[in-house]
Amino acid sequence: MPKYRSLTSQRVDQLAPSGIRKFFDLLASIEGVISLGVGEPDFATPWHISEQAIFSLEKGNTRYTSNLGVPELRQELSRYLKDNYNLAYDPDGELLITVGVSEGLDLIMRAILDPGDEVIMPDPCYVSYNACVTLAGGTPVMVPTNQKNDFEVSAADIEARVTGKTKAILIGYPANPTGAVMPKDKLQQIAEVAQRHHLLVISDEIYAKLVYGVEHTCFATLPGMKESTVFLGGFSKAYAMTGWRIGYAASSRDIIAAMTKIHQYTIMCAPTMAQVAAIEALRTGEPSVLEMVEDYNRRRQVIVKGLNDIGLPCFEPRGAFYAFPSIKGTGMTSEEFAEKLLVEEKVAVVPGPAFGQCGEGYVRCCYATSLADIEEALSRMKRFVTRHKKG
Ligand SMILES: Cc1ncc(COP(=O)(O)O)c(C=O)c1O
């Protein structure tokens with residue numbers, strides 16, 4: 001038999017599949033599972049938003065749009081960013097409408113990285129961060145974070161990892177998987193590191209609207225940082241629009257032009273009907289967002305208290321819709337805990353190491369599900385933890 005070269009690239013061969021997906025294949029084979037797994041709202045998109053897309057389809061609005069996104073959406077987004085953060089982005093050149101923040105992350109990495117360039121990011125972090133950097137030929141450099149420090153990323157820890165190859169710092173807050181919100185003073189310190197070393201800051205703020213009793217600081221608003229920040233935002237979480245696949249990038253003209261070069265060849269434009277829905281979301285979606293946030297907050301309080309009462313210590317997440325309890329007291333690894341909990345009690349959580357090595361000893365519980373399901377999941381988890389108590 002002749003030996004052929006692998007038909008897939010080494011880069012892809014070496015990439016580990018997402019720890020979340022692997023787990024959910026197992027989940028799909030079991031009936032009656034309560035899922036605290038996938039990170040998406042249980043709400044349907046507010047009807048008035050969906051309806052605008054339907055009207056637009058009825059009018060035959062089914063063609064490509066400008067590569068940058070429909071002008072009306074970019075104008076509305078520019079107004080929204082001004083009203084919410086007092087940030088002025090020119091809709092013609094400083095904003096790009098993307099297929100979710102997912103595309104924004106991929107584009108920015110491909111736009112800035114040459115082989116071997118480094119991007120510094122927190123551990124644990126959203127599963128795509130590492131993969132997007134690797135696929136773009138770069139090297140992810142992880143900064144450990146821990147429960148003792150509320151999973152905040154320290155500027156000193158970032159600075160200690162800056163080398164001649166560092167291109168950017170990638171942060172995401174409110175954070176997936178921990179729910180941590182970065183306070184303004186800590187962000188300011190990160191901005192100073194970026195300025196000292198002439199680095200770009202890529203700030204994934206997809207959960208910006210989902211905060212509970214604290215303020216979200218938009219990174220680009222920090223003094224002198226607008227031009228060197230790539231602000232990634234989206235509609236998936238706050239407006240319950242995960243399936244619409246729509247997001248945006250806001251940055252300097254040069255960065256947006258570089259991202260657009262890739263976007264125009266690979267994507268062409270974000271889905272037209274989703275862009276129409278996004279316009280409506282920006283114009284009239286705020287009351288629905290506030291209602292959902294209130295609901296998430298109630299669920300957050302129940303789950304955090306419940307987990308702590310069971311003996312799974314959980315720091316108080318102030319954003320997103322995740323709780324990240326420690327399972328170290330059970331003596332199991334995160335993977336063992338999640339697998340056994342799924343098989344024995346039919347509750348799905350995600351093992352912490354899916355988000356990086358520092359996630360070992362933790363599991364991610366998404367509370368964007370009904371209160372009744374959260375309460376039932378907690379009682380099953382209590383039974384499970386009691387049964388497996390050491391000693
Ligand atoms: C931190 C973070 N960034 C980006 C994304 C991807 O979002 P989108 O649906 O806009 O692609 C997610 C989805 O879970 C996320 O948690």
Side-chain angles (χ1 to χ4, degrees), residues 16 18-20 39 101-102 104-105 108-109 112-113 117-134 136 138-163 166-194 197 199-208 210-211 214 216-219 222 225 229-232 314-326 334 350-364:
S18 159
I20 301 189
V101 169
S102 302
L105 284 164
I108 187 60
M109 295 312 167
I112 64 167
L113 296 179
D117 282 347
E118 295 171 358
V119 178
I120 301 177
M121 64 184 81
D123 179 356
C125 66
Y126 177 51
V127 290
S128 294
Y129 293 175
N130 208 298
C132 285
V133 172
T134 306
T139 305
V141 175
M142 311 311 291
V143 178
T145 62
N146 57 55
Q147 187 173 12
K148 206 172 72 219
N149 297 329
D150 291 351
F151 291 104
E152 287 169 8
V153 209
S154 125
D157 290 346
I158 291 175
E159 190 155 34
R161 285 164 180 79
V162 173
T163 71
T166 310
K167 268 271 171 78
I169 300 166
L170 167 58
I171 48 175
Y173 62 95
N176 178 2
T178 63
V181 174
M182 289 290 292
K184 190 171 183 178
D185 58 332
K186 302 277 170 61
L187 291 171
Q188 181 56 47
Q189 290 164 9
I190 294 175
E192 285 159 20
V193 172
H197 300 277
L199 304 174
L200 202 59
V201 174
I202 301 157
S203 189
D204 174 356
E205 300 181 31
I206 191 165
Y207 295 103
L210 307 186
V211 285
V214 288
H216 172 79
T217 303
C218 177
F219 203 90
L222 297 171
M225 286 311 294
T229 299
V230 183
F231 175 8
L232 300 177
C314 183
F315 110 105
E316 190 180 352
R318 296 303 200 132
F321 36 49
Y322 307 108
F324 201 59
S326 165
S334 301
V350 183
F355 308 95
Q357 283 177 3
C358 294
E360 184 50 63
Y362 298 86
V363 293
R364 188 190 77 174

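Please read these numbers as outputs of a predicted model, since none were measured by experiment.
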### Query
How long is the span from the OH atom in Y126 to the CD1 atom in I206, to the nearest 0.5 Å?
7.5 Å
### Task
Would you mind reporting whether V143 and R161 have side-chain heavy atoms less than 4.5 Å apart?
yes
### Task
Output, in order, the C-alpha distance, side-chain angles, deciding distance and verdict of side-chain contact (heavy atoms from CB on, under 4.5 Å) for L232 and I202.
CA-CA 7 Å; L232 300 177; I202 301 157; 3.9 Å; yes
### 4.5 Å side-chain heavy-atom contact, P317 and T178
no
### Query
Is the backbone of G352 close enough, under 3.5 Å, to the side chain of E360 for a donor and an acceptor to pair up by distance?
no
### Query
I112 versus D117: any side-chain heavy-atom pair under 4.5 Å?
no
### Message
For a quick test of reading the model, state the closest non-hydrogen atom pair linking A175 to A320 and the distance between them.
### Response
O-CB, 4.0 Å
### Task
Mind checking the CD1-CE spacing from I171 to M121? Nearest 0.5 Å is all I need.
12.0 Å
### Message
Working note: V153 + M182, criterion side-chain contact (heavy atoms from CB on, under 4.5 Å); need CA distance, chi angles, decisive distance, verdict.
### Response
CA-CA 8 Å; V153 209; M182 289 290 292; 3.9 Å; yes
### Query
For the side chain of D123 and the backbone of C358, is there at least one donor-acceptor N/O pair under 3.5 Å apart?
yes
### Query
Where is the tightest heavy-atom contact between P144 and D157, given as atom of each residue plus distance?
O-OD2, 4.2 Å
### Query
Taking all non-hydrogen atoms of both residues, which atom of V363 and which atom of P325 are closest, and how far apart?
O-CD, 3.0 Å
### Message
Between H197 and E159, is there a side-chain heavy-atom distance shorter than 4.5 Å?
### Response
yes
### Query
Is it true that Y207 and Y322 have ring centroids separated by less than 6.0 Å?
yes
### Message
Under 3.5 Å, is there a donor on one side chain and an acceptor on the other for T163 and E118?
### Response
yes
### Task
Evaluate the side-chain contact (heavy atoms from CB on, under 4.5 Å) criterion for residues L187 and M225: first the C-alpha distance (whole Å), next the side-chain angles of each, then the deciding distance (0.1 Å), finally the verdict.
CA-CA 11 Å; L187 291 171; M225 286 311 294; over 6 Å; no
## Note on the structure
Distance col, row N130:CG vs M109:CE, nearest 0.5 angstrom, shows 10.0 Å
### Query
Where do M142 and Q357 land on the side-chain contact (heavy atoms from CB on, under 4.5 Å) test, with the steps shown first?
CA-CA 9 Å; M142 311 311 291; Q357 283 177 3; over 6 Å; no
### Task
Compare all side-chain heavy atoms of I120 with those of V162 and state whether any distance is below 4.5 angstrom.
yes
### Message
Please check: side-chain N/O of E205 versus main-chain N/O of F219, any donor-acceptor pairing under 3.5 Å?
### Response
yes
### Task
Check whether any side-chain heavy atom of L105 lies under 4.5 Å from a side-chain heavy atom of L170, and answer yes or no.
yes
### Task
Verify, without hydrogens or angle tests, whether Y173 (side chain) and P183 (backbone) share a donor-acceptor contact under 3.5 angstrom.
no
## Note on the structure
Closest non-hydrogen contact found for S326 with Q147 is CB-OE1, 3.9 Å
### Query
Can you find a pair of side-chain heavy atoms, one from P174 and one from L210, that are under 4.5 Å apart?
no
### Query
Relative to each other, are the rings of F324 and Y362 parallel, tilted or perpendicular (30° and 60° limits)?
parallel
### Min side-chain heavy-atom separation N176-R364 under 4.5 Å
yes
### Query
Any sub-3.5 Å donor-acceptor pair from T229's side-chain atoms to F231's backbone N or O?
no
### Passing candidate, salt bridge (Lys or Arg N to Asp or Glu O under 4.0 Å) with E152, options K186, R318, K184
K186
